[in-house]
2 protein chains.
Amino acid sequence: MEKVGIKDIAARANVSTATVSYVLNGTRNVRPKTKERVLKVIEELNYRPNDIAKSLKSNRTNTIGVIAEDVTVFNVPEIIDGINDYADRYDMHILLTNLRLQKRIGYNYSKMEDYRKYAQDAVSNLLSKQVEGIIYIGVHPRDLTGLVNTYNKPIVYTYCYANDAKSVQYNDEQASYDAVNYLVSKGHSRIGVISGLMDSIPSRLRFNGYYKALTEFQLPFDPQFIKVGDWGLDSGYRLAGELLSLADPPTAILVMNDLMAAGALRCASEQGVVVPRDLSIVGFDNREFSAYLSPSITTVELPLHDMGILAMKSLASMISGDGEVIDETPLCRLIERESVAAPRTAGK
Amino acid sequence: MEKVGIKDIAARANVSTATVSYVLNGTRNVRPKTKERVLKVIEELNYRPNDIAKSLKSNRTNTIGVIAEDVTVFNVPEIIDGINDYADRYDMHILLTNLRLQKRIGYNYSKMEDYRKYAQDAVSNLLSKQVEGIIYIGVHPRDLTGLVNTYNKPIVYTYCYANDAKSVQYNDEQASYDAVNYLVSKGHSRIGVISGLMDSIPSRLRFNGYYKALTEFQLPFDPQFIKVGDWGLDSGYRLAGELLSLADPPTAILVMNDLMAAGALRCASEQGVVVPRDLSIVGFDNREFSAYLSPSITTVELPLHDMGILAMKSLASMISGDGEVIDETPLCRLIERESVAAPRTAGK
DNA sequence: AAGACAAAGTGAAACGTTTAGAAAAGGGGA
DNA sequence: TCCCCTTTTCTAAACGTTTCACTTTGTCTT
């Protein structure tokens, strides 16, 4: 029962360790009879190859590192699931590092320096473990590329934009454009927007999409219709209130996440504004709760699973060095639910 | 820039590899001057120790395997976060295996045999990778203990009950009892229950808690008040309907998950039954949406993070073989929200 | 200055595999 | 039966560390 290795097998089967290795990996022909004998011993002794030794010799670990800023954030698990999906097909294993950003430093931006250290430590550890590449999931890609490249390992970012390395993202601007397009197709022309914080790239891209659609459809751009929130439910609540109290309020609002959309919904409900009859709302994220609120929220679903798959696919091709460049962009999907209807004014 | 190892350091610093190793690990005294010289070379050559080689020699990988049936299921990420929390303190790394049960076989119970194979393969792979122990997160602990024990590695289950190994669970029965207790304290005496599928252990435990509280407070046990659902929103909707249509309906319902509670809420709302004025509802799970529905749902929060911590703590003590037995049970917490109030009949 | 003892440094084996290159065995035709 | 070619098997080095047992160096006491 103690530590059986290839040597023990060899001894007991009266062959050399080389032969056992060949049987194990099928790297060379082995006479059927010998093979059988070896396999029998392997079975008897409950032998299991030691991947550590294997890795040392072969210089391949079949393992990649995945660094997540926070595994508990709503969109991360699905990305990991996507990575896994693709990794499984290539027998790649995942060494997971959870930075636990939120719990460790909260949203305290003054501690961002600490965070850089966490991230770099994480990379260091993974490199020591000889991962063949790294995928980073999060919004703060903190100076990791140089570190990783020093050791000739590839890194792929997802859920964030990295300008010094491959990053897998979805079509943010297009999705926003499409959402507005959808509202227009329902007959809306007075469309407001509640954005997230403007230091976030998705906010800006989504705003671009909104703006692009507006000009394209020759709709008036009213500065009063632009509200900047902070991603939180309360800000959605407050800003929806501001929009509704305008002399001539919008008939539809594009809200850049479901949380703020939920706030907007609550605000409307309290003011007796009936959604979708009096006001249409489109959110972003397709958070779980969006389906359960009443009315349920029409929202833009992010292609998280596909992002995971593509991130892994890109990494895999970098690892194999086949020069193939993966540059697909997974697409968002609009989930139609109850919070959008034709505006009342648009006489049916 | 090519593959620098301890030998290169040794050569360049004019010492033996042994000395370099001692510098690196502080395993023995090294003259400050020598040490400095070695460290300088390490810096210059950008040397990073190879943990694979280290592991081979030392027979320790500082890595555990975590097997999750589905990382995307709502409660899993938080458990992983807990595992991580504790693992970090001991510099343990996590090799994550996601079985992807739902996506691979759905809830098709005829394919459960396939699933057993997935699970056992996962364990096999992890063992080959020389993990020092395994944590299994899920509801179907499929004959894994024997396999793992064959190689003298410990395994800990969580989120499920395993009768042949350590498993970390929360106080299901007590939580249910407490919830009923809470309702009673609000003045309720006619308390119905919508349970999950009865082949699930939590369903039965929660039912026990419910029953225990009823008898303890000498409340009538009315079989009509007991409804068995299937954990889905629709079943909550339907069964709440059945309860409300009783001649003398309950004034409160203990619902065994938030999804069914949301269904119950919807049913009540459609029937003009005002929650919590006419009906109180308590859920389980503290799902994200529970806070955003109106009324928001009072619910039992599962100690997921703590379960992760304890699972890892148990595993760590098994690995170190210090004989310490961890048998704490993390506790649920009742989150008071809007869906519970005193019954109208209970004259204030 | 010599001796004794502690401290620092070294050489080499070992961990469990893979894989060249070499040797041995098998098989077919004459 | 012998030779030659193919197939199978073996020997041994290598992967990058750690660590044991040993040697060398340094320091203190007298």
Side-chain angles (χ1 to χ4, degrees), chain A residues 1-39 41-42 45-63 125 127-132 151-153, chain B residues 1-39 41-42 45-63 125 127-132 151-153:
Chain A
M1 180 76 65
E2 274 319 312
K3 294 258 108 201
V4 11
I6 216 173
K7 277 185 203 154
D8 307 287
I9 305 297
R12 210 156 194 270
N14 267 307
V15 292
S16 70
T17 60
T19 303
V20 177
S21 177
Y22 296 138
V23 169
L24 243 25
N25 304 300
T27 345
R28 265 203 205 177
N29 276 341
V30 174
R31 193 150 13 119
K33 221 167 157 183
T34 322
K35 188 169 180 176
E36 195 186 348
R37 188 152 35 102
V38 170
L39 288 174
V41 176
I42 286 179
L45 297 193
N46 240 308
Y47 167 76
R48 178 178 306 288
N50 180 331
D51 281 352
I52 295 291
K54 218 160 165 164
S55 293
L56 179 58
K57 189 69 200 7
S58 66
N59 203 19
R60 295 219 45 189
T61 53
N62 287 313
T63 302
N125 283 327
L127 289 174
S128 286
K129 287 225 167 280
Q130 308 296 113
V131 295
E132 303 190 6
Y151 297 93
N152 288 315
K153 302 274 165 102
Chain B
M1 180 75 67
E2 275 316 311
K3 294 256 106 200
V4 13
I6 216 174
K7 276 184 203 159
D8 306 288
I9 306 296
R12 210 156 194 270
N14 268 309
V15 294
S16 69
T17 61
T19 303
V20 177
S21 176
Y22 294 139
V23 169
L24 244 23
N25 305 299
T27 347
R28 262 204 207 174
N29 277 340
V30 174
R31 194 147 17 114
K33 222 171 158 180
T34 322
K35 188 168 179 175
E36 196 185 344
R37 188 154 33 103
V38 170
L39 288 175
V41 176
I42 286 179
L45 299 192
N46 241 307
Y47 168 76
R48 178 179 304 292
N50 181 329
D51 280 353
I52 295 290
K54 216 161 167 163
S55 293
L56 180 59
K57 188 70 197 16
S58 66
N59 203 19
R60 293 218 50 189
T61 54
N62 287 313
T63 302
N125 283 327
L127 289 173
S128 286
K129 287 225 166 283
Q130 309 296 113
V131 296
E132 303 190 7
Y151 298 92
N152 287 316
K153 303 274 164 101

task: For the helix from C:dA1-D:dT30 to C:dA30-D:dT1, figure out the bend between the end axes, five pairs an end, and round to 10 degrees.
output: 40°
- line: Closest non-hydrogen atoms of B:Ala10 and B:Thr17, given as atom of the first, atom of the second and distance, are CB-N, 3.7 Å
message: If the cut-off is 4.0 Å, is B:Thr34 near the phosphate of C:dG9, judged by side-chain N/O to OP1 or OP2?
response: yes
query: For the residue pair A:Pro49 and B:Gln130, what are the closest heavy atoms and their distance?
result: O-OE1, 4.3 Å
Give every pair of a protein N or O atom and an N or O atom of nucleotides 21-23 of chain D that lie under 3.5 Å apart, one pair per line with the distance.
| residue | atom | partner | partner atom | Å |
| --- | --- | --- | --- | --- |
| D:dA21 | N6 | B:Arg28 | NH1 | 3.2 |
| D:dA21 | N6 | B:Arg28 | NH2 | 2.9 |

query: Of the non-hydrogen atoms in B:Tyr47 and B:Ile9, which two are nearest, and what is the gap between them?
result: CB-CD1, 3.6 Å
message: Base, sugar-phosphate or nothing for A:Asp8? Non-hydrogen atoms, less than 4.0 Å.
response: nothing
message: What is the separation between atom CD1 on B:Ile6 and atom C1' on D:dT18, rounded to the nearest whole Å?
response: 8 Å
In residues 21-30 of chain A, what donor-acceptor pairs under 3.5 Å come from side-chain atoms, sequence neighbours left out?
| residue | atom | partner | partner atom | Å |
| --- | --- | --- | --- | --- |
| A:Ser21 | OG | A:Asn25 | ND2 | 3.4 |
| A:Asn25 | ND2 | A:Ser21 | O | 3.0 |

- request: Drop me the distance from A:Ile52's CD1 to A:Lys54's NZ, to the nearest 0.5 angstrom.
  value: 11.5 Å
query: Counting N and O atoms only, with roles assigned by atom type, does the side chain of A:Glu132 sit under 3.5 Å from a partner on the main chain of A:Thr61, one being a donor and the other an acceptor?
result: yes
statement: Side-chain contact check for A:Lys3: nearest option of C:dT18, C:dG16, C:dG9 is C:dG16
query: If you round to the nearest 0.5 Å, how far is NZ of A:Lys35 from CD1 of A:Ile42?
result: 10.5 Å
- request: Using atom NZ of A:Lys7 as one end and atom C1' of C:dT17 as the other, report the distance to the nearest whole Å.
  value: 9 Å
- request: Using the salt bridge (Lys or Arg N to Asp or Glu O under 4.0 Å) rule, collect all pairs that involve residues 5-15 of chain A, keeping only residues at least two apart or in two chains.
  value: A:Arg12-A:Glu44
task: Starting at atom NZ of A:Lys129, determine the distance to atom P of D:dT17, rounded to an integer number of angstrom.
output: 13 Å
- prompt: B:Leu56 and A:Leu56: which non-hydrogen atoms are nearest, and at how many Å?
  reply: CD2-CD2, 3.3 Å
query: Whole Å only: how far is the CZ atom of B:Arg31 from the C1' atom of D:dG26?
result: 8 Å
query: Can you find a side chain N or O atom of A:Ser16 that sits less than 4.0 Å from OP1 or OP2 on D:dT9?
result: no
message: Between P on D:dT18 and CD1 on B:Ile9, what's the gap in Å once rounded to a whole number?
response: 12 Å
message: Once rounded to the nearest 0.5 Å, what's the spacing between atom CG of B:Leu127 and atom NZ of B:Lys153?
response: 6.0 Å
- prompt: Taking atom CG of B:Asn59 and atom NZ of B:Lys57, what is their separation to the nearest 0.5 Å?
  reply: 10.0 Å
message: Please check: side-chain N/O of A:Arg48 versus main-chain N/O of B:Ser128, any donor-acceptor pairing under 3.5 Å?
response: no
- prompt: Can you tell me how far C1' of D:dT17 sits from CZ of B:Arg48, to the nearest Å?
  reply: 16 Å
- prompt: Looking at A:Thr19, does any N or O in its side chain come under 4.0 Å of the phosphate oxygens OP1/OP2 on D:dC10?
  reply: yes
- prompt: Which nucleotide, D:dT18, D:dT11, C:dT17, lies nearest any side-chain atom of A:Ala18?
  reply: D:dT11
query: CG/B:Asn125 to CG/A:Asp51 distance, rounded to the nearest 0.5 angstrom?
result: 7.5 Å
message: Nearest to the B:Tyr47 side chain among D:dC10, D:dT17, C:dG11, which nucleotide is it?
response: D:dT17
field: DNA chain C contacts made by residues 49-63 of chain A, counting heavy atoms under 4.0 Å
entry: A:Pro49, A:Asn50, A:Ala53, A:Lys54, A:Lys57
Where do N or O atoms of nucleotides 5-7 of chain C meet protein N or O atoms at under 3.5 Å, pair by pair?
none

